[in-house]
Undergrad: 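Right, I'll just put the structure down here and ask away after.
These numbers were taken from a predicted model, which means no experiment stands behind them. Letters go in sequence order (proteins before strands), and every chain restarts at 1.
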Protein chains: 2
Amino acid sequence: MRSASTKTRTRPGRQRAYHHGDLRRALIDVALELVTREQDWAFSIRELARRAGVSHRAPYNHFAEKLDLLAAVAAVGFERLRVALLRAIDGIDDREAALIALCRTYLRLGLENPALYRLMFGPALSATGAVDRPTVARVAGAQARAVLEDVILEGARAGVFVLPAGAPNAVALAALSVWSATHGLTMLLIDRIPPPNLSVEDMTETLLRSVIGGLRQARMAHSAQAR
Amino acid sequence: MRSASTKTRTRPGRQRAYHHGDLRRALIDVALELVTREQDWAFSIRELARRAGVSHRAPYNHFAEKLDLLAAVAAVGFERLRVALLRAIDGIDDREAALIALCRTYLRLGLENPALYRLMFGPALSATGAVDRPTVARVAGAQARAVLEDVILEGARAGVFVLPAGAPNAVALAALSVWSATHGLTMLLIDRIPPPNLSVEDMTETLLRSVIGGLRQARMAHSAQAR
DNA sequence: ACCTGAACACCGTTCAAGT
DNA sequence: ACCTGAACACCGTTCAAGT
C-alpha cells in the first residue's frame with residue numbers, strides 16, 4: 001500500500017482515494033488511533049464512521065458488532081508485542097539476560113499504551129457473554145507467548161534455568177509464572193494501584209530478581225556465575 | 001440496619017419500605033447483583049433505576065455519574081476481599097503458610113466473580129480520563145494490601161523471609177512482587193489466556209513455589225541497594 | 001459486494017417542577 | 001432534600017433500497 005503513489009490524495013476524487021476498497025483496514029486504523037489518543041474504547045461506531053468519512057451504517061459491512069472491531073484492534077496490539085519482544089532479545093546470548101529483556105519490554109509496552117494493553121487482555125477476548133468469537137486476537141496472543149516459552153526452553157536446555165519436573169508442561173508452567181508476574185506488575189502499574197512512593201524501577205527490579213530467582217531455584221548448592 | 005424489624009417488608013406501604021430513605025444503598029446492591037449475575041457492568045443507569053423501582057432520574061441524586069456508582073460497587077468488592085484475606089490467615093502461625101493462604105484466597109475470589117474483580121482493578125479506579133475521583137475504592141484497595149504487607153513484615157521479623165535491604169520500602173516492594181504474581185495469574189486466568197491443557201492447580205502451585213522461593217532467596221553475595 | 005438513509009428502541013444527562 | 005417527567009442529543013442495530 002505504501003508503495004502506491006501518494007498522488008492519489010491530490011487527485012480530484014479525494015473521498016474515494018482514502019478507502020480504495022479497504023474500509024475495513026481504515027476502520028481499524030482509526031479505532032487504534034482513538035484508543036491510543038483517548039486511552040479508552042468507549043467511542044461509538046457512529047463516530048468511527050464519521051471519522052472514516054462513511055455513513056454510520058457502513059462499518060457493519062465489515063464487523064458484525066463493535067466487539068469484533070475491538071478484537072481486530074487487539075490483534076494489532078498483539079502483533080506489535082510479538083515484534084517488540086523478538087527485537088528485544090535479538091543478539092542476546094545469555095538466556096537469563098534475554099528473559100529480563102523480554103519482561104522489561106513487555107512492561108514498557110504496557111505502560112506506553114495502557115488502553116490498548118487492557119483491551120488486548122480484557123473483555124474483548126475473554127468472552128464474557130457468549131462463545132469466544134474473537135479467535136483472531138487469541139491466536140495473536142498465543143504467538144506472543146511462544147516467544148517467552150522459547151527463551152525459557154533454551155535456557156533450560158543450556159542449564160541456566162531449572163524447571164520443576166520432566167513433565168512436558170514444565171516449560172509452559174514456568175513461562176506462565178514469569179508471565180503472571182510481569183503481567184501482574186504491568187496491570188497494577190497501569191491501574192495505579194501501587195503506593196506512589198515506590199519507583200517503577202525499584203518495583204521492576206525487585207520483581208525480576210524474584211522471577212529469576214524462581215527459575216534458578218532448586219539446586220542452590222554452589223554460588224553460580226555472577227553476571 | 002439489620003437489627004431493625006424485618007416486618008417492615010410485610011407492612012402495607014411496601015414500596016416505600018424497601019428504600020426507607022436509603023436509595024443509595026439499594027442502587028449499590030442492585031448494581032452489585034447485576035455485575036455478579038451478568039458478569040458485566042454495561043447495564044444502563046435507567047435499567048438500574050427500573051429495577052430499584054424509581055424514576056430514571058433518581059440515581060443522579062446519589063451519584064454524579066455512572067463511574068461513581070461503579071466505584072462504590074468496587075469498594076464493596078475490596079471490603080469483601082479484605083475480610084476474606086483476614087479470615088484466610090486466621091489461626092495460621094507459619095507466616096509462609098499464611099502467605100500461601102493469602103494468595104490462594106485472592107485467586108479464588110477473583111475466579112469466583114471475575115467481573116467484580118476486573119471492575120475493582122479496572123478503569124473505574126485508574127482515572128483514565130480525569131482526576132482520580134473514586135477515592136473510595138482506592139482507600140479500600142489500600143486496606144486490602146495492608147493485610148499482605150503485614151504478613152510479609154512479620155515473616156521478615158521472624159526470619160522466614162529475607163527482604164532485599166534495610167530500606168523502609170523493602171516490605172512494600174516484596175509485597176508488591178507477591179501481589180503482582182498473584183494478580184497476574186488471576187487476571188490471565190479470568191481472561192482465559194493460558195493454554196487450556198494447563199490445570200489451574202498446577203499453575204497456582206508453580207507460581208507459589210516461585211513466589212516463596214523469591215522471598216526465601218538467600219542474600220546472594222553482593223548486597224542489594226535500593227535507590 | 002458494498003454503501004446510503006430512514007427508522008426503532010434505547011441511552012446519559014439536564015431542566016423545570018413538584019413535595 | 002429527594003423525587004418525577006419531559007426534553008435533548010446521542011447511540012447500536014435493522015430495514016429497504018440504491019449502485
Undergrad: Checking A/K66 against A/Y60: charged group under 6.0 Å from the ring centre and within 45 degrees of the axis?
TA: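 No, A/K66 does not lie over the aromatic ring of A/Y60.
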
Undergrad: Among D/dT14, C/dC3, D/dC3, which nucleotide sits nearest the side chain of A/N61?
TA: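 Nearest to the side-chain atoms of A/N61, counting from C-beta on, is C/dC3.
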
Undergrad: Is the A/F78 to A/Y117 ring centre distance short of 6.0 Å?
TA: no

Undergrad: Nearest of C/dT13, C/dT4, D/dT4 to any side-chain atom of B/R46?
TA: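 Ranking C/dT13, C/dT4, D/dT4 by closest atom to the B/R46 side chain puts C/dT13 first.
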
Undergrad: Rounded to whole Å, please give me the gap between CD in A/E65 and P in D/dT13.
TA: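 Checked: the CD to P distance equals 6 Å.
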
Undergrad: Go through D/dT4, C/dT13, C/dC11 for me and flag the one nearest to the B/Y60 side chain.
TA: C/dT13

Undergrad: Is the shortest side-chain N to carboxylate O distance from A/R50 to A/E47 below 4.0 Å?
TA: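 Here A/R50 does not pair with A/E47 in a salt bridge, since their nearest N and O are not under 4.0 Å apart.
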
Undergrad: Between C/dT4, C/dC11, C/dA6, which nucleotide has the shortest distance from any of its atoms to the side chain of A/H56?
TA: C/dA6

Undergrad: A/L69 has an atom CG; how far is it from atom P of D/dT13, in whole Å?
TA: 11 Å

Undergrad: Using whole Å, what does the distance between atom C1' of nucleotide D/dC10 and atom NZ of A/K66 come to?
TA: 13 Å

Undergrad: May I ask which nucleotide in the shown strands pairs with D/dG5, Watson-Crick or G-U wobble, both distances under 3.5 Å?
TA: C/dC15

Undergrad: Please determine whether a side-chain nitrogen or oxygen atom of B/S44 lies at a distance below 4.0 Å from atom OP1 or OP2 of C/dC11.
TA: yes

Undergrad: Between atom CG in A/D68 and atom P in D/dG12, what is the gap in whole Å?
TA: 14 Å

Undergrad: Ion pair present between B/E205 and B/R104, side-chain N to carboxylate O less than 4.0 angstrom?
TA: no

Undergrad: How close or far is atom P of D/dA1 from atom CZ of B/R24, stated in whole angstroms?
TA: 17 Å

Undergrad: The side chain of A/A58 is closest to which nucleotide in this list: C/dT4, C/dC11, C/dT13?
TA: C/dT4

Undergrad: Once you round it to whole Å, what is the distance between C1' of D/dC11 and CD1 of B/I45?
TA: 16 Å

Undergrad: Can you tell which of D/dT4, D/dC11, C/dG12 lies closest to the side chain of A/R50?
TA: D/dC11

Undergrad: With distance as the sole test, does A/N169 use its side chain to make a donor-acceptor pair with the main-chain N or O of A/A172 at under 3.5 Å?
TA: no

Undergrad: Round to the nearest Å and state the distance from B/L27 atom CG to C/dG12 atom P.
TA: 13 Å

Undergrad: Taking the side chain of A/R57 as its heavy atoms from C-beta onward, which of D/dC3, D/dG12, D/dC15 lies nearest to it?
TA: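 Ranking D/dC3, D/dG12, D/dC15 by closest atom to the A/R57 side chain puts D/dC15 first.
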
Undergrad: When the distance from CD of B/E47 to C1' of C/dC10 is rounded to whole Å, what number comes out?
TA: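 Answer to the nearest Å: 11 Å.
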
